[in-house]
Structures are given as C-alpha cells and as structure tokens.
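Computed from heavy atoms alone, side chains included, the values below leave out hydrogens, waters and symmetry copies. We're numbering straight along the sequence, starting at 1.
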Amino acid sequence: SLRRWGLIAVGFCALTLTVTSATQIIRAVLFPPSEGPPISCRDGVTELYEATQRAVSHAGQQIDGERAALAEFRRSVEPAWSHYGTIARACRGDARGEAALRSVELLRYAEERAVRYEALDLSRLRRATPAALAALPPSVPAHP
C-alpha cells in the first residue's frame, strides 16, 4: 500500500542521514585530517607556547573590556593552534613530548581564563588611570 511505502521511504531517509552523520563524526574524531606541513614535536610545542605568550601580550593591550581582550587572545593564538592535531600526532609515543604538549595546552586554557577575568578589572583601570593623571594639577617647580 502507498502508506507503507511512504513510511519505508521516510525510514530509509532517516537511516541514511543517521549513518552519514555518524560516519562523519567518527572520521573527524578518530581520523582527523592533516592540518598542516609536517613539524617535529619539539618545534610544534614550542610554536604553541610562543603563540600563547604572544596572545597574552596582545590581549593585555586591549582597553575595551573582557570581550575585546578575549577576542584578541583567540585571534592571536589561532594561527598556531590550528595545527594542534598535527603537533599531537608528531608527539604521539614520545612521553616527554606528550607531557610538554599537555602542559602547554593547560597553560593556554589557564591564560585564556586569566585574560577573561583580568580584563574585567584591568579595562576599568586602563581607562581610569589616564583620566586620573589628566586631572592632576600642573606641577609646581620646587624652589631650592
């Protein structure tokens, strides 16, 4: 009957969508695509560390609040961290490399959290301090 064929068609579409989606997710998680040129574990971890330090510096220069500082941090850190998968594969099996990579990864997330919380206080101070300095009366020369 027509109703049964309709149900079969809908079931087949749902099954196809489910299998396709599950396959894509499994491939992305278990077999991520190569994200860049080959790099040694040491060079890659060093690159991630330096990118994190640069991002902290860039975010610290923001005076427009938490969102701007966080956006600047993420923008600054992204070029190097987009190769994380390649670097993780290069470090696989190297206990020291894996430990260093994990340490840098934890540092990145701690720095990002710190940028978020420091930006709340620092942005107010960075705006208020120049205004406070401008409000000071002119210097009077000291007489000997």
Side-chain angles (χ1 to χ4, degrees), residues 1-140:
S1 76
L2 188 58
R3 183 175 181 186
R4 182 167 43 190
W5 283 108
L7 288 174
I8 290 172
V10 168
F12 180 74
C13 289
L15 180 65
T16 302
L17 179 64
T18 302
V19 169
T20 303
S21 299
T23 303
Q24 289 176 351
I25 291 169
I26 290 169
R27 286 181 60 205
V29 170
L30 298 179
F31 309 103
S34 179
E35 299 161 348
I39 189 167
S40 73
C41 177
R42 180 183 181 83
D43 291 345
V45 172
T46 301
E47 181 182 331
L48 295 179
Y49 175 74
E50 290 171 352
T52 301
Q53 296 304 98
R54 276 192 309 274
V56 168
S57 174
H58 291 167
Q61 296 172 8
Q62 283 294 318
I63 61 170
D64 296 329
E66 172 195 4
R67 288 185 182 175
L70 197 55
E72 182 60 33
F73 179 89
R74 289 178 177 163
R75 187 175 26 260
S76 296
V77 82
E78 182 53 35
W81 280 86
S82 66
H83 302 294
Y84 176 84
T86 302
I87 296 165
R89 281 191 294 282
C91 293
R92 194 172 293 141
D94 175 359
R96 288 181 186 169
E98 288 177 344
L101 180 62
R102 181 70 180 144
S103 181
V104 170
E105 183 179 20
L106 291 172
L107 177 65
R108 179 222 169 144
Y109 291 113
E111 292 287 14
E112 186 171 332
R113 229 179 11 258
V115 163
R116 175 178 289 137
Y117 295 121
E118 287 175 9
L120 293 173
D121 292 330
L122 286 176
S123 63
R124 282 188 293 253
L125 285 172
R126 286 183 177 140
R127 283 191 301 266
T129 302
L133 289 173
L136 288 174
S139 296
V140 177

Problem - Residues which pass salt bridge (Lys or Arg N to Asp or Glu O under 4.0 Å) with Glu72, listed by chain and number, not counting sequence neighbours - result: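 Only Arg75 meet the salt bridge (Lys or Arg N to Asp or Glu O under 4.0 Å) criterion with Glu72.
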Tabulate below the donor-acceptor pairs under 3.5 Å that side-chain atoms of residues 90-107 make, not counting sequence neighbours, or state none.
{"residue": "Asp94", "atom": "OD1", "partner": "Arg96", "partner atom": "N", "Å": "3.2"}
{"residue": "Asp94", "atom": "OD1", "partner": "Gly97", "partner atom": "N", "Å": "3.2"}
{"residue": "Glu98", "atom": "OE2", "partner": "Gly93", "partner atom": "N", "Å": "3.0"}
{"residue": "Arg102", "atom": "NH1", "partner": "Glu105", "partner atom": "OE1", "Å": "3.2"}
{"residue": "Glu105", "atom": "OE1", "partner": "Tyr84", "partner atom": "OH", "Å": "3.2"}

Completion exercise
What one should report as the nearest heavy-atom pair of Arg108 and Phe73 is O-CZ, 3.8 Å
Handout entry: Heavy-atom closest pair, residues Ala69 and Ala59
Key = O-CB, 3.4 Å
Handout entry: Step-by-step side chain to side chain contact (heavy atoms under 4.5 Å, CB included) determination, Leu7 to Val10
Key = CA-CA 5 Å; Leu7 288 174; Val10 168; 5.6 Å; no
Problem - Partner residues of Ile39 under the side chain to side chain contact (heavy atoms under 4.5 Å, CB included) criterion, sequence neighbours left out - result: Asp43, Glu47, Thr86, Ile87
Practice task
Taking Thr20 for its side chain and Leu17 for its backbone only, find out whether a donor-acceptor pair lies under 3.5 Å.
Solution key: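 Flag not set: sc Thr20 to bb Leu17 has no pair under 3.5 Å.
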Approximate separation, where rounding is to 0.5 Å, of [X] [atom1] and [Y] [atom2]:
X: Arg74; Y: Glu112; atom1: CZ; atom2: CD; result: 4.0 Å
X: His83; Y: Arg89; atom1: NE2; atom2: CZ; result: 11.5 Å
X: Arg113; Y: Tyr109; atom1: CZ; atom2: OH; result: 11.0 Å

